[in-house]
Amino acid sequence: MDPSSNFPPTFHAFLSSNAIPPSIYALHAQLPRYIRILNHTNHTPASLTALTLQLSEKANCTVTPTGLPGFLAIPDPTVRLSQLQTNQVVGMDISSGIAAYALDCHAGDNVLDLCCAPGAKLLLLAELVGPRGSVTGVDVADHRLATCRRLVAKHARGARASIRLYLADGTQFDERAPAPGWWDPEVLRRSAQGKPAVRRPWHAGKLLRSAYACSGKTPYDRVLVDAECTHDGSLAHVLKYARLGWAGLEQIAQRAPAVPQLQLRLMENAWRLLRVGGLMVYSTCSLSPEQNEMVVARFLE
């Protein structure tokens, strides 16, 4: 059955104006669920194979590797994480993984995720930059940032010390990357005398909360703008309104005209916080050209 027959007229108008065929939402039942193996580079090929077989047994279907490192596909999208009975994986959509890997992070990089909720990207980025890199996550809503904090506490393990969270508007966020050597207790000890007045993170480990770490003046090596959008490209997000009430789609359509300006402001601020020679990635989960190609075109003007 095509769920788009239940969409309100305002959402149909939004889809039509962006040349998005409503029929794509009937594909949701055919799409797999994606999970990511935490710290997959610590596994041997044999242990990865054994874990995949274990997950297949728990999921009652054949779990398979994808083309993205560490990501697995579960063909039955109704499988819940609790059913897998393991703390070695986390739920993460593969499109979010593609955006994170596109940053081409290196060990020691300082990374800014300007729209970080719900937090799965933070975990992956922290693994990529290692213990002497940092990942700064920003979100404007405290309840979403709380979700990030819980995810980091549960799954980040050794990478937890490299992650800090700020409650802030991404269009105005102005904190620079942590000061060099923030991870070295000896550097912190030598710098303790000054204790400059700084803005502390909303959440971070002891080292990243230090006055020295928060006094950094250098821009970030990598910035990810996985921007707020209308989420029309997330089939699961749109179809949840079958449960919550289709009227929620009207709100998406109503706020659509204002979203591109917000996205442009996020990108402009991200660029301001990026070092010369650094790399910025802009992504959305919308299929609307107004929120993708046209925003990028305006930024490049």
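Small disclaimer: the values here were computed from a predicted structure and weren't measured.
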Would you say [X]'s side chain and [Y]'s backbone share a donor-acceptor pair under 3.5 angstrom?
X	Y	result
Ser47	His43	no
Gln83	Lys58	yes
Ser16	His12	no
Gln263	Val295	no
Tyr25	Ala236	no
His106	Asp104	yes
Ser96	Met92	no

Exercise for the section: Name all residues meeting the side chain to side chain contact (heavy atoms under 4.5 Å, CB included) criterion together with Asn18; count only those two or more places apart in sequence or in a different chain, and write none if there are none. Expected result: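 Scan of Asn18 (side chain to side chain contact (heavy atoms under 4.5 Å, CB included), adjacent residues dropped) gives Phe14, Ile20, Ser288, Pro289, Glu290.
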Handout entry: Qualifying residues under side chain to side chain contact (heavy atoms under 4.5 Å, CB included), relative to Pro219, sequence neighbours excluded
Key = Arg275
Practice task
Inspect the contact between Arg189 and Glu186 and indicate whether a charged nitrogen and a carboxylate oxygen are less than 4.0 angstrom apart.
Solution key: yes
Minimum heavy-atom separation for [X] and [Y], please, with both atom names.
X	Y	answer
Asp139	Cys115	OD2-C, 4.4 Å
Leu208	Ala161	CD1-O, 3.3 Å
Ala120	Gly91	CB-O, 4.1 Å
Pro21	Ala19	CD-O, 3.5 Å
His231	Cys285	ND1-SG, 3.1 Å

[X], [Y]: one ILVMFWY side-chain cluster at the under-4.5 Å cut-off?
X	Y	value
Leu266	Met280	yes
Met267	Val259	no
Phe7	Leu287	yes
Leu38	Leu51	no
Val223	Tyr282	yes

Looking at [atom1] of [X] and [atom2] of [Y], how far apart are the two atoms once the value is rounded to the nearest 0.5 Å?
X	Y	atom1	atom2	answer
Asn292	Cys229	CG	SG	8.0 Å
Leu167	Asp142	CG	CG	6.0 Å
Phe11	Asn6	CZ	CG	12.5 Å
His40	Leu68	NE2	CG	8.5 Å
Asp109	Leu112	CG	CG	12.5 Å
Tyr241	Trp246	OH	CH2	10.5 Å

Heavy-atom check, side chain of [X] versus side chain of [Y], under 4.5 Å:
X	Y	answer
Cys214	Pro201	yes
Tyr220	Asp113	no
Gln291	Thr230	yes
Leu224	Val111	no
Leu235	Leu31	yes

Exercise for the section: Decide if the gap between the ring center of Phe299 and the ring center of Trp271 is smaller than 6.0 angstrom. Expected result: yes
Handout entry: Ring centres under 6.0 angstrom apart (Tyr212, Trp182)
Key =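 Centroid distance Tyr212-Trp182: not below 6.0 Å, so no.
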Handout entry: Residue pair Thr171 / Asn269, side-chain donor-acceptor N/O under 3.5 Å
Key =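 Asn269 and Thr171 do not have a side-chain donor-acceptor pair below 3.5 Å.
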Problem - Residue pairs, two or more places apart or on separate chains, that pass salt bridge (Lys or Arg N to Asp or Glu O under 4.0 Å) and touch residues 168-178 - result: Asp174-Arg176, Asp174-Arg272
Using residues 149-158 as the side-chain source, report each donor-acceptor pair under 3.5 Å to any protein atom, sequence neighbours left out, with the distance given to one decimal.
from: Arg150; atom 1: NH2; to: Thr147; atom 2: OG1; distance (Å): 3.2
from: Arg157; atom 1: NH2; to: Asn87; atom 2: O; distance (Å): 2.3

Handout entry: Step-by-step side chain to side chain contact (heavy atoms under 4.5 Å, CB included) determination, Asp232 to Leu249
Key = CA-CA 9 Å; Asp232 55 89; Leu249 290 180; over 6 Å; no
Please list every donor-acceptor pair under 3.5 Å in which a side-chain atom of residues 70-82 meets a protein atom from a residue at least two apart or in another chain.
from: Asp76; atom 1: OD1; to: Thr78; atom 2: N; distance (Å): 3.0
from: Asp76; atom 1: OD1; to: Thr78; atom 2: OG1; distance (Å): 2.6
from: Asp76; atom 1: OD2; to: Thr78; atom 2: OG1; distance (Å): 3.1

Tabulate below the donor-acceptor pairs under 3.5 Å that side-chain atoms of residues 121-138 make, not counting sequence neighbours, or state none.
from: Lys121; atom 1: NZ; to: Asp226; atom 2: OD2; distance (Å): 3.4
from: Glu127; atom 1: OE1; to: Arg36; atom 2: NH1; distance (Å): 3.0
from: Glu127; atom 1: OE1; to: Asn39; atom 2: N; distance (Å): 3.2
from: Glu127; atom 1: OE2; to: Arg36; atom 2: NH1; distance (Å): 3.3
from: Glu127; atom 1: OE2; to: Arg36; atom 2: NH2; distance (Å): 3.2
from: Glu127; atom 1: OE2; to: Asn39; atom 2: N; distance (Å): 3.2
from: Ser134; atom 1: OG; to: Asn110; atom 2: OD1; distance (Å): 2.6
from: Thr136; atom 1: OG1; to: Arg164; atom 2: NE; distance (Å): 2.7
from: Thr136; atom 1: OG1; to: Arg164; atom 2: NH2; distance (Å): 3.3

Handout entry: Residue pair Val281, Val225: steps toward the side chain to side chain contact (heavy atoms under 4.5 Å, CB included) verdict
Key = CA-CA 6 Å; Val281 168; Val225 186; over 6 Å; no
Practice task
For Gln261 and Arg298, run side chain to side chain contact (heavy atoms under 4.5 Å, CB included): C-alpha distance rounded to whole Å, both residues' side-chain angles, the deciding distance at 0.1 Å, then the answer.
Solution key: CA-CA 10 Å; Gln261 182 60 32; Arg298 290 174 61 192; 2.7 Å; yes
